[in-house]
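Before any comments, here is the structure.
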Amino acid sequence: MKPIRKAVLPVAGLGTRFLPATKAVPKEMLTVVDRPVVQHVVDEAREAGIEHFIFVTGRGKAVIEDHFDIAFELDRMLQERGKEAIYEELKRDLPAAGQTSFTRQQAPLGLGHAVWCAREIVGDEPFAVLLPDMLSKGCMQQMLSAYERHGGNVIAVEEVKPEETHQYGIVGVGETYGQTFEINGMIEKPKQGTAPSNFIISGRYILQPEIFSILEHGEKGAGGEIQLTDAMIKLAEKQSFFGMRYEGRTYDTGSKLGFLTANIAYALERKDLAEPLKAEIARLLSES
């Protein structure tokens with residue numbers, strides 16, 4: 001069983017749900033407290049032991065590449081002005097030389113197509129996929145633990161209300177092993193009342209490289225896009241898939257409410273912000 005060394009981050013999306021904020025600024029660079037969303041996702045992967053980050057970008061996303069590079073003028077200014085703490089923090093956030101790769105998705109053809117664009121960099125080894133809209137602290141570490149137990153392909157899942165299942169990709173539940181279970185079916189956005197469970201696919205995957213030979217056919221599914229779920233359904237005919245119940249809360253920063261909630265939740269975890277923020281929230285509520 002090969003280790004998981006590489007992670008694919010599809011960051012080519014246009015961020016239409018956040019216009020006009022994302023007209024000139026990539027949605028992945030919007031900040032949750034004082035860190036871009038994409039930095040939080042990379043932090044999660046690094047803490048789990050991922051060594052190589054593959055960004056699938058598009059036009060107008062060059063600032064993401066700049067963010068994960070050295071800024072000589074800024075570094076020099078911070079050192080000259082004695083701001084060593086900030087300088088050292090920026091250094092810690094920066095992946096080492098050769099640990100980031102960037103490739104283009106020239107057209108918005110879906111998540112499956114974005115993953116396929118990373119095929120040459122991933123090569124013939126299993127890899128992780130992290131959707132940059134979804135903030136899930138510690139999720140990739142839990143994913144890797146599940147992979148070490150079962151091998152195969154692993155999908156992070158979370159429960160939603162049954163009446164919400166038509167909005168997501170849904171998995172069927174087979175034999176259960178504590179936090180994990182065998183997946184015995186997958187469907188993308190089922191009609192209301194037809195979902196095999198209320199476990200949604202929540203934005204973290206560990207996939208075997210054979211997924212690329214399925215995605216290369218470019219078959220379009222829901223929304224006229226190349227769906228990763230469709231390719232996983234075909235791969236599941238030959239390989240095992242496991243669902244891992246994520247023990248935590250995911251924040252969908254691609255939605256306005258999820259983005260605002262993430263900012264509050266992450267700020268409340270910081271000693272320098274928690275109490276003042278609680279006071280401000282209480283004041284706002286009393287005035288509303």
Take Arg119 and Glu216 through the test salt bridge (Lys or Arg N to Asp or Glu O under 4.0 Å) and record every step on the way to the result.
CA-CA 10 Å; Arg119 66 198 182 280; Glu216 73 180 3; over 6 Å; no
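The shortest distance between side-chain heavy atoms of Arg35 and Asp93 falls below 4.5 Å. Between Ile264 and Ile281, the closest side-chain pair of non-hydrogen atoms falls below 4.5 Å. The shortest distance between side-chain heavy atoms of Leu78 and Glu88 does not fall below 4.5 Å. Here the side chains of His166 and Gln192 are in contact, with some heavy-atom distance below 4.5 Å. Between Leu144 and Ile206 there is a side-chain heavy-atom pair separated by less than 4.5 Å.
Aromatic ring orientation, His40 versus Tyr266: perpendicular (interplanar angle above 60°, classes split at 30° and 60°). In this pair, Phe259 and Phe18 present their aromatic rings perpendicular. The plane angle is above 60°, beyond the 30 to 60° band.
Looking at Asn198, its side chain never comes within 3.5 Å of a backbone N or O of Pro162 through a donor-acceptor pair. No donor-acceptor pair under 3.5 Å is formed between the side chain of Gln79 and the backbone N or O of Tyr87. Distance alone, capped at 3.5 Å, places no donor-acceptor pair between the Glu65 side chain and the Phe102 backbone. A donor-acceptor distance shorter than 3.5 angstrom exists from the side chain of Arg245 to the backbone of Gly178, with no hydrogens or angles considered. Here the side chain of Arg204 pairs a donor or acceptor atom with the backbone of Leu131 at under 3.5 angstrom. Side chain of Glu28 to main chain of Gly15: no donor-acceptor pair is present (N/O by atom type, distance under 3.5 Å, no hydrogens or angles). Remark: the backbone N or O of Ile121 is paired with a side-chain donor or acceptor of Lys6 at under 3.5 angstrom. Counting only distance, with no hydrogens or angles, the side chain of Asp252 and the backbone of Met134 share no donor-acceptor pair below 3.5 Å. Panel note: side chain Thr253, backbone Asp133; a donor-acceptor pair is recorded below 3.5 Å. Judged by distance alone, the side chain of Gln99 and the main-chain N or O of Ala96 form a donor-acceptor pair under 3.5 Å.
Scanning all heavy atoms of the two residues, the minimum distance from Pro209 to Phe127 falls at CA-CE2, 4.4 Å. Here the closest heavy-atom approach between residue Lys256 and residue Arg17 is recorded as NZ-O, 2.7 Å. Contact between Lys23 and Leu19 at its shortest, heavy atoms only, is N-CD2, 3.8 Å. Heavy-atom minimum distance, Ile50 versus Ala7: CG2-CB, 3.7 Å. Contact between Ala45 and Leu130 at its shortest, heavy atoms only, is CB-CD2, 4.1 Å. Looking at every heavy atom in both residues, Gln141 comes nearest to Ala48 through OE1-CA, 3.3 Å.
With respect to Arg283 and Glu280, a salt bridge is recorded, a charged nitrogen being found less than 4.0 Å from a carboxylate O. Between Lys137 and Glu47 no salt bridge is recorded (no basic side-chain N to carboxylate O distance below 4.0 Å). Glu210 and Lys238 are not joined by a salt bridge, as no carboxylate oxygen comes within less than 4.0 angstrom of a charged side-chain nitrogen.
Side-chain N/O atoms of Gln142 and Gln179 include a donor and acceptor closer than 3.5 Å.
Environment of CZ in Arg76: sparse, with no more than 12 heavy atoms of neighbouring residues, nucleotides or ligands closer than 6.0 Å.
Taking OG1 from Thr229 and CD1 from Ile155, the interatomic distance works out to 7.5 Å, rounded to the nearest 0.5 Å. Interatomic distance, Gln208 CD to Leu235 CG, rounded to the nearest 0.5 Å: 8.0 Å. Taken to the nearest 0.5 Å, the NE2 atom of His150 stands 10.5 Å off from the OG atom of Ser145.
Screening Val8, Thr103, Val42 for a side-chain contact (heavy atoms from CB on, under 4.5 Å) involving Phe55 leaves a single residue, Val42.
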